[in-house]
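Whatever order the structure lists ligands and atoms in, that order sets their numbers, starting from 1. Throughout, residue positions are numbered sequentially from 1 according to the sequence presented.
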Amino acid sequence: MKLHSKVKLALICSIGCALSGSLAADDSTLVKMAQAMSAAPISISGQATIMDNDGTILREGSNGWTCMPHTMPGDNAPMCNDAVWMKLMQAVGSQSDFETDRIGISYMLQGDVGAGVSNATPYHPDPKNAEDYTETGPHLMIVVPKEMLAGITDDPKSGGPYVMWGDTPYAHIMVPVTDPE
Ligand SMILES: [Cu+2]
């Protein structure tokens, strides 16, 4: 996962501008931007930076949030991250250490159905066949200083918030925001 590519597309333009035909953004770019923005309320995603899965910036934002389509064929798992979550994702991608002294928030209002993970680790070689394969409907992901996770279950089926990747530097709280389907 390459989140910090130096490549920056010269697409400094709102969706509205692209749709008006003043810019030759292809359909797939617009679809990706719409997918990325669907991860959070428009009050957040409307002014967010939009980053493609390969790190390409599709639109520069102004509110400190970054939304990514994070969508592969057969799944739909877009996310909008604050700066702390971007650091976490970058650390996961580069398998480097991560620690935070503050809260970080990520919105995944489309859920991650079809793109789930092992609840124990981001590095399971075959997550879809992991014993603890977990997918969650619309949710928030909250990362906190690790000592604050004490007392929160790591059982995804508890019906409430649970800790994901608890024994890794990337431990965070999954907060479902709708009933399971
Ligand atoms: Cu998530």
Just give me the atom name: the N, O or S atom of His139 closest to the Cu ion (ligand 1). NE2

To check you understand the geometry: which heavy-atom pair defines the closest contact between Asn81 and Ser106, and what is its length? OD1-OG, 2.7 Å

So, is Met108 placed with an N/O/S atom under 2.8 Å from the Cu ion (ligand 1), counting both backbone and side chain? yes

At less than 2.8 Å, would any N/O/S atom of Met141, backbone or side chain, sit next to the Cu ion (ligand 1)? yes

How close do Ala36 and Pro69 get, counting heavy atoms only, and between which atoms? CB-N, 3.5 Å

Taking all heavy atoms of Tyr162 and all of Asn119, pick out the closest pair and write down the distance. CE1-OD1, 3.4 Å

If you compare all heavy atoms of Ile42 against all heavy atoms of Met37, which two are closest, and at what distance to 0.1 Å? CD1-CE, 3.7 Å

